Amino acid sequence: MISAVAKSGNLAPYLKNTSQAVVSSLKTSVKPVVVSSDKVVAPTPVSKSTDFSLGSALNRGKISVQYGLNGPLQIRSAHTDVRVPDFTYYRKTSTLDPTKKAEASESSRKTFAYTVTAGGFVLTTYAAKNLVGTFVTSMSASADVLALASIEVNLNDIPEGKSVTFKWRGKPLFIRHRNGKEIATESGVDLGSLRDPQHDTERVKDPKWLIVIGVCTHLGCVPVANAGDFGGYYCPCHGSHYDASGRIRKGPAPLNLEVPPYEIKDDGMVIVG
């Protein structure tokens, strides 16, 4: 702003001259009157204004602004004109008097608060129970899977020396009716020669019946019954040989065939699962 004032000083002579002599195109009808006088009037000397003279009149020093607490301030220390909200309408009648202790009202309010809290806890627990129950039920097996959870087979329909295949829980189930020769042969096998040592009596509940899951323990293939070097089961995929007790005797399979849980009834029925 100071520089703008200083620069405007350069225009002062022109503004002054303009205010004194203005060229006008208007013609006047008044004729000048010449007055003769013997007195000679000397013209008034006019001081010449220059850029330097005009600029020197300006303040070239530093301009500072001072302020303090003595100046006029607008300080509002107390809000005496503000209306405080009245909550009397929302308060209980028994609590309007600050000098009186409302014991009965306090006990009733506590009872109401405890009742609401207990009711909310019961409802939340019931909702959580239903939610968890629904989630667990959705993860349980479906009806068709539960139907295959157990299978019942009539052993009287399987002739001696034959092996029959059934489906149980999506896996093949081998039920073999062994003859006396096979029972004697498998019972006399030296356990020291087995990769997965297990006596024949540990794998059967009735010596005549061998019940195993028909899944090769190597890579999950399905062996062929009544085949192989030991007369039991043979896996043609990788050459694993099992005997008539379902024990691995030759090939890459590391373990014997799995024996599922089962129960043989007196009437010749067996329930697997």
Side-chain angles (χ1 to χ4, degrees), residues 1 63-154 166-175 196 198 202-206 211-220 222 254-267 269-273:
M1 182 177 180
I63 299 176
S64 61
V65 179
Q66 297 181 357
Y67 59 92
L69 298 178
N70 297 330
L73 299 176
Q74 293 183 359
I75 301 177
R76 192 172 184 179
S77 301
H79 301 279
T80 57
D81 57 341
V82 179
R83 282 189 66 183
V84 179
D86 186 9
F87 297 99
T88 306
Y89 176 78
Y90 302 97
R91 297 179 59 186
K92 294 180 179 295
T93 307
S94 59
T95 60
L96 293 179
D97 189 0
T99 61
K100 182 181 178 181
K101 184 177 181 182
E103 296 181 355
S105 176
E106 182 179 0
S107 61
S108 62
R109 283 181 293 170
K110 286 184 177 180
T111 303
F112 176 76
Y114 294 155
T115 303
V116 172
T117 303
F121 177 77
V122 172
L123 292 178
T124 303
T125 305
Y126 180 75
K129 171 183 171 296
N130 289 342
L131 181 62
V132 173
T134 303
F135 178 74
V136 173
T137 304
S138 65
M139 297 180 61
S140 61
S142 58
D144 55 343
V145 175
L146 293 176
L148 297 175
S150 61
I151 184 175
E152 186 174 357
V153 179
N154 187 3
F166 298 91
K167 185 178 181 181
W168 176 69
R169 295 183 181 179
K171 301 176 182 179
L173 179 69
F174 294 159
I175 299 181
D196 184 12
Q198 213 173 10
E202 300 177 12
R203 298 179 55 81
V204 295
K205 294 183 178 181
D206 187 340
I211 302 176
V212 293
I213 297 177
V215 177
C216 180
T217 58
H218 179 220
L219 293 178
V222 179
L255 301 174
N256 303 331
L257 294 179
E258 181 182 356
V259 177
Y262 65 92
E263 181 181 1
I264 299 178
K265 301 294 184 178
D266 296 336
D267 55 353
M269 302 294 296
V270 59
I271 300 177
V272 182

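It should be emphasised that the depicted structure is a prediction, and the values quoted were computed from it without experimental measurement.
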Are [X] and [Y] packed together at the side-chain level, in the sense that at least one heavy-atom pair is separated by less than 4.5 angstrom?
X	Y	result
Pro254	Asp196	no
Phe112	Val116	yes
Tyr262	Ile151	no

NZ (Lys265) and CG (Asn154) are apart, to the nearest 0.5 Å, by 14.0 Å
Taking atom CD of Glu263 and atom CE of Met269, what is their separation to the nearest 0.5 Å?
-> 12.0 Å
Could you pull out the closest heavy-atom pair between Trp168 and Pro261, with the gap in Å?
->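 The pair with the smallest heavy-atom distance is CH2-CD, 4.5 Å.
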Identify the heavy atoms of Pro260 and Ile211 that sit nearest to each other, and give their distance.
-> CD-O, 3.5 Å
Can you give each donor-acceptor pair under 3.5 Å made by side-chain atoms of residues 127-136, sequence neighbours left out, with the distance rounded to 0.1 Å?
{"from": "Thr134", "atom 1": "OG1", "to": "Asn130", "atom 2": "O", "distance (Å)": "2.8"}

For Leu257, does its backbone N or O pair with a side-chain atom of Arg203 as donor and acceptor, under 3.5 Å?
-> yes
